[in-house]
Amino acid sequence: MSHINDTEITDAVVAEHGLTPDEYQMVCDHMGRTPNYTELGVFSVMWSEHCSYKSSRKWLKKLPVDGPQVIQGPGENAGVIDIGDGYAAVFKMESHNHPSFIEPYQGAATGVGGIMRDVFTMGARPVANLNALRFGHPDHPKTRHLVAGVVSGIGGYGNCIGVPTVGGEINFDKSYNGNILVNAMCVGVARTDKIFYAAATGIGSPVVYVGSKTGRDGIHGATMASAEFDDASEEKRPTVQVGDPFTEKLLLEACQELMASDAIIGIQDMGAAGLTSSSVEMADKGGVGILLDLDEVPCRETHMTGYEMLLSESQERMLMVLKPGREPEAEAIFARWGLDFAVIGELTDTGRMVVTHEGQTIADMPLGPLADGAPEYDRPYQATPKASEFDAGLLSGAPDMAAALATLMASSEIASRRWVFEQYDSMVMGDTLAGPGGDAALVRVHGTQKALAISTDVTPRYCFADPIEGGKQAVAESYRNICATGATPLAITNCLNFGNPERPEIMGQFVGCLEGMGEAGRALNFPVVSGNVSLYNETNGTGIFPTPAIGGVGLLKQLDKAIGNRFTENGLEIYLLGNSNGHLGASLYQRDVLANDEVFAPPPVNLESEAAHGALVRRAVDKGLLSAAHDISDGGLAVALAEMCIGHNIGAEIIAEGDIGFWFGEDQARYVLAVTADKAADLEALADGLPLSKIGITTGTELKFGDTVTISVEQLHELNEGWFPALMQG
Amino acid sequence: MQASVIVFPGSNCDRDVAVCIEAAMRKAPLMAWHGDSDLPKSDLIILPGGFSYGDYLRCGSMAANSPIMREVVAQAKKGAAVLGICNGFQVLTECGLLPGVLMQNKGLNFVCRDTRLTVTNNKTAFTAQYDAGEEITVPVAHNEGNYFADDNTLKRLQDEDRIAFTYAEGDNPNGACLDIAGICDPSGRIVGMMPHPERRAEAALGGEDGKRMFSGIVEALS
Amino acid sequence: MKATIHITLKNGVLDPQGKAIENALGQLGFGGIDEVRQGKLIEINLSESDPEKAEAALTDMCEKLLANTVIENYQIHLDGEA
């Protein structure tokens, strides 16, 4: 059998590895010679879009990443923020789009598993999972199957490992018919003096592999054409990994146990590009070199080549660098949890990554260029043309208000997600104060009186119509959802899902969304601390809606002050906070009531108002004035009111008057607030000139708009609950 | 009194239930590792929820065969009180301390939601602080909670008053026979239940209906 | 006609269930086990009496629903005695 490194590096081999001729020339220059096959493989994954952010880096640098609350911004496994009293919140969101389309259960499951590893690698215990999902049109033949598989996979992994899934969001749109989005977010809690980083230091320190064994999972099909395993049968090699949440649970507990000691110097999850990426990142960040002996790597399959071991994406594995001499105690911990533990190398002073296998050196590469040498592309972009304002002429012949509200309550975007979230264990760990269904989830910091407020948000149809405003709005909505619980927004993670960046109009969407996100993050003191970019989300040349999902985290200092988004009793006075300009462009009313998919301008975002109104809500909660608060988003004021009624079957009489735009427009920076009568005056005084007006009172079991429109809350509830089960029954 | 929480690889409600026991007992329980073949003598043994051994093969089957379960069975036979919650209930049926089996939910999906329960037997070691027939709200979270036993066994459970909890009418989340949510052994000292009382034991988590399970057993054993 | 379909994970695909069973068997003292892999068995009664047509229909069922050929293999056994 010939060695894989004997394979000649032809133009075709370079192309199969996804490197352009120019990039290949750069590799040769860095190497000072032609790379062998293994080295080419390593360069190709390190310089892939996924690992190097080569198309997006220029723009990511413009995002706000600093603030007094930030302990660790982008660049590590996850972002870290200070939540006081020696605690930190550690969080990140990541995409697993393509695998989930091919194998929805395993794709989604391994997405959840991967993001949890990113968080617990940092020394945190994961305390909450959320996920932002986008599926194709509800009537598309694949949609139901994909929803069922993805939901089951998310539950299957999160439920088993015992981390509650507390929230998220789901959209349906035909732009995702051939390319669904599965974005998983995990939030963990750590002690600020026990944060672990990737950087590996100390020449001679042992490099240790722990977790599951390595198989040929996830290695790109194109690289399978080697002579060494062409006897492999007609089976197409899997590129989708299988998740094992049970092993991950053991890995989590074993890592936590070892982290309680001081034996670890650096630790890194083996995620995308597996052993290659983790070892390169650890050694490069520590400014050292690394020597790996692949003969020591625990393998699940026989006759694996060094190339395969380096590129395998088998799940539930970690790489760590220990203090010399601490291997026995670490090994004992992993053995107790039934996990593999192997010393596979050591740190060197060479600044190079040297890999041996079966007595031969199979790769010898400079670390700097591997980690940071990928070209940064300034891809041409074309700004998205400004969309025209909504055409009011479309409203002639619009259905009456009751019919419109009924349509929206049973819309794919508004309908209750109960069918989904009841499949997730949202309560395990005993700290979920508010699970799915609220504006933001609330999770207590274990053993304290504090809680984290967490929300995921983006409105892709706004981003498509106007990337800048859409990018701003995603951040602003996350901010509002957190404020609505009474919590103070602290920082965000993002998962930027776009089409092919080589097309200028797609790159224009990307640039626009990031501009908007950056502006909003700066204005709201809501910096980005971690994130992920997923490009090339398209099928047959049709890109998805630009979907920069935002995961926001806030802090509620006294959890007993938290409020929900449902009316709690009769006799509450209902207030509308924020200006209503009747903005119907890109609204759900336009899409689902008027059944119109023309592109009109989405609602503009006034960041000063967002900050001021958010601050008012937080102050009001802090003073104990509010009984409930709800952000106004999809479907506008009427839908927000209906949702507040449904929770406890409490009706309302609305005295405010307005037109279609008033009831269903999606103007930003608005909340519905509910207060007991004795506190109304205090709330008005607190508002101090902000646009706050009383619009009604809670009473009975019907939602009444003036004298003309009356709908029973029970009917609203049935409409809202019925849609999802009906979709899934087909 | 000595309380022990058995920790299997894959248990994930061990901490949650330990918090409740500590609150009731004012002393932390012993966390006993599955691989240990001796268990300090315990008055109360809890088999917590989770996915022991990943719930692979059959839920609870591999945990039921782990070394520490031989000790649990032996101590149970000598009179220790045992509570199996969710996966712990599955372990109790797999190891033969309780009859029947927990099959996959009728709806084929994992279900996590509040259920209304009727306390059908308030004479077990764990339910004395409830009124007979009292309705309480406690959440479930499981994929295999559909209690099944043959007709003779079901009749025996009824005749011997061994059904501890039933799902209230119209609120059976999994298709369980006779709406059974929890059962006990003839002595009433061994109880298995699918709902999670430890998740409803403080007001901040939505209610305290589950708390009396823990205060009740501590009172009974003190 | 009765058909039996065995669905197994492809070689090289991680089988967490098989691995856990293997470990548990070892703990119970069963020696000499190299590997355990778990699959599914599906029995289908068909009204079709022509084996070729039945096989074609079953293959279609496997490809479209019963197996995910990204990670699973299937084998169809026809038993004419049903």
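Fair warning: this is a prediction, and the values are worked out from it, not measured in the lab. Naming: A, B, ... by sequence-line order, numbering from 1 per chain.
Between chain A and the residues C/Asp15, C/Asn23, C/Leu14, the most heavy-atom pairs under 4.5 angstrom are made by C/Leu14. Contact count against chain C (heavy-atom pairs under 4.5 Å) is highest for A/Arg300 among A/Arg300, A/Glu103, A/Glu316.
Checked for salt-bridge contact, A/Glu301 and A/Arg216 meet the test: a charged N lies under 4.0 Å from a carboxylate O.
Among pairs with a residue in residues 138-150 of chain A, none fulfils side-chain hydrogen bond (donor to acceptor under 3.5 Å, both in side chains), at least two apart in sequence or across chains.
C/Gln75 CD: 12 or fewer foreign heavy atoms inside a 6.0 Å radius.
Legend: residues meeting ring pair (Phe, Tyr, Trp, His ring centres under 6.0 Å) with C/His6, ordered by chain and number and at least two apart, are C/His77.
In this structure, no portion of A/Gln315 lies under 4.5 Å from any heavy atom of chain C.
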